[in-house]
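As structure tokens, the structure follows; a few thoughts come after it.
Ligands are counted one by one from 1 in listed order, and the atoms in each one are counted from 1 as well. Side chains included, hydrogens not; waters and symmetry mates left out as well; all remaining heavy atoms used.
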Amino acid sequence: MSQNVVMIGLGYIGLPTAALIAKNQIHVHGVDINQHVVDTINKGQIHIVEPELDIAVSDAVKAGYLKADTKPIEAGAYLIVVPTPFKAKNEPDISYVEAATKAVLPLLKAGDLYIIESTSPVGTTEKMMELIYSERPELKDQLHIAYCPERVLPGNVMYELVNNDRVIGGVDDKSTDKAIEFYSRFVSGKLHRTNARTAEMCKLVENSSRDVQIAFANELSLICDKAGINVWELIELANKHPRVNILQPGCGVGGHCIAVDPYFIVAEYPMESKIIGTAREINNYKSFWCAEKIQNAKLEFELKNGRKPSVALMGLAFKPDIDDLRESPAKYIAQRVLQNNSNEDHYIVEPNVDEHKVFKLTDYKEAVEKADIIAFLVAHKQFKNLDLSGKTVLDFCGVIK
Ligand SMILES: NC(=O)c1ccc[n+]([C@@H]2O[C@H](COP(=O)([O-])OP(=O)(O)OC[C@H]3O[C@@H](n4cnc5c(N)ncnc54)[C@H](O)[C@@H]3O)[C@@H](O)[C@H]2O)c1
């Protein structure tokens, strides 16, 4: 196998992976359709926020092992790391994977390795194999085709890329062998062999498992609210049981993985994935419920005080202490609460973001001082130990517990 690697997609996963492979003195030709991304990387700079990535990319570009381009070239291995969002009706959209595959199709030759890393519905790798062999029948069974999902934690990617275990599934044993040999050149974690369909499902199941467990905690929070029980205390006490480990409730589930990947299972297996589908519904409903709670608190305040209250919405990110707002339930709640309401009565707070194109942001201390109602949507560290005396507080994420 030639030493060269083509990496299609240079985002949060593709770029760190490209830099890591390049660090191991393997030439990487990184491809992205975004010219700005390509130009930035070729200057030895990065377009995303990730600790240590700047140095890794700068070193790799300087050493001549990493180069970015808008078009692929011939190589020994092709990695597909493009987005896989969902379309209307929560169906997976694999058109980016298809486009990336079509881009490398004319370059493929016998013995090459083709790997999909993008989170994908079950059967995607086989579908791409059929696409490749229908266009290039002379290559039938001559390629090594595999799926290898990514499971890194943003913020710790450069460490986890090397040290996490990986699940690697080929369309046949020969492909699995080749893919394992490839990853063993730059991954120290264990490489677990399986087939492509199991590897695809494994990624989806990991995130669905998190979603279901969070849904259980969110469901408890709804029950406890009605029953007049403090859910945080309840979970702490229940977790004293040696074999119980309930997660914490919040204002929903967000981000581009846990809130998305379960739909890839539900869309394909709707009759069988009852718990997974219901968990998605519960976690989405929790955000709606939080927005309703805020509206009700506003009405109660107005009835009692004869004037409209001012409201601080604390946090927009999808989890504590990050600046990522993708699929964020807090953002959804803020949008709902602001609907048909004048902006003047609301203070939107997100201490990890300087500016937002839709929301006018207010400093968290100023918002808490000015607002009558304080709704905690994200448990950012800045929100702990604030003076809340005299305020109506809605704590959806356990800031004060
Ligand atoms: N970010 C994560 O934490 C994470 C973790 C595990 C898995 N994943 C999965 O990895 C995949 C990539 O995610 P990401 O976060 O890196 O996405 P991203 O949006 O950060 O990056 C994807 C890049 O691919 C480029 N692109 C799109 N179509 C292309 C094409 N046809 N040819 C070349 N470039 C193309 C885009 O311009 C973009 O720069 C997704 O399937 C995602 O679900 C992401």
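Put simply, OG1 on Thr392 and CD1 on Ile373 are 5.5 Å apart, with the number rounded to the nearest 0.5 Å.
Proximity of Arg151 to ligand 1 is not established, as no heavy-atom distance is less than 4.0 Å. Under a 4.0 Å heavy-atom criterion, His47 is not in contact with ligand 1.
When the options Val152, Thr70, Thr119 are ranked by their closest heavy atom to atom 42 (C) of ligand 1, first place goes to Thr119. Comparing Ile8, Leu10, Ile13 against atom 13 (O) of ligand 1, the shortest heavy-atom distance belongs to Ile13. Ranked by closest heavy atom to atom 27 (C) of ligand 1, the top entry among Ala103, Pro83, Ser120, Gly155 is Pro83. Of the candidates Val260, Asn34, Asp32, Val97, the one placing a heavy atom closest to atom 37 (O) of ligand 1 is Asp32. Counting heavy atoms only, Val82 comes closest to atom 11 (C) of ligand 1 of the residues Thr84, Val82, Ile116.
Listed by number with element, the atoms of ligand 1 under 4.0 Å from a non-hydrogen atom of Tyr96 are 27 (C), 28 (N). Less than 4.0 angstrom separates some heavy atom of Ser118 from each of these atoms of ligand 1: 11 (C), 41 (O). In the vicinity of Pro154, heavy-atom distances shorter than 4.0 Å reach the ligand 1 atoms 3 (O).
At most 12 heavy atoms of other shown residues, nucleotides or ligands fall within 6.0 angstrom of atom NZ in Lys71. The number of heavy atoms from other shown groups lying within 6.0 Å of CZ (Arg151) is above 12. The environment of OH in Tyr96 is sparse: at most 12 heavy-atom neighbours from other residues, nucleotides or ligands sit within 6.0 Å. Residue Tyr269 places its OH atom among more than 12 non-hydrogen atoms of other residues, nucleotides or ligands, all under 6.0 Å distant. Crowding of Lys127 atom NZ: a count of heavy atoms from other residues, nucleotides or ligands under 6.0 Å not exceeding 12.
Judged purely by atom type and a 3.5 angstrom limit, Glu350 uses its side chain to pair as donor or acceptor with the backbone of Ala317.
Taking any N or O of Tyr12, backbone or side chain, at least one lies under 3.5 Å from an N or O belonging to ligand 1. For the pair His256 and ligand 1, the shortest N or O to N or O distance falls below 3.5 Å.
Centroid-to-centroid, the aromatic rings of Tyr114 and Tyr78 stay 6.0 Å apart or farther.
Using modelled atom types, one finds no donor on one side chain facing an acceptor on the other under 3.5 Å when comparing Asn352 with Asp323.
For atom 21 (O) of ligand 1, the closest non-hydrogen atom on the protein side is Gly11 CA, 3.1 Å. Distance from atom 24 (O) of ligand 1 to its nearest protein heavy atom, with residue and atom name: Gly9 CA, 3.4 Å. Summary of contacts: the protein heavy atom closest to atom 26 (N) of ligand 1 is Ile33 CG1, 3.8 Å.
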Candidate pair Lys298 and Val337, rule side-chain contact (heavy atoms from CB on, under 4.5 Å), full reasoning: CA-CA 10 Å; Lys298 281 162 68 176; Val337 171; 4.0 Å; yes
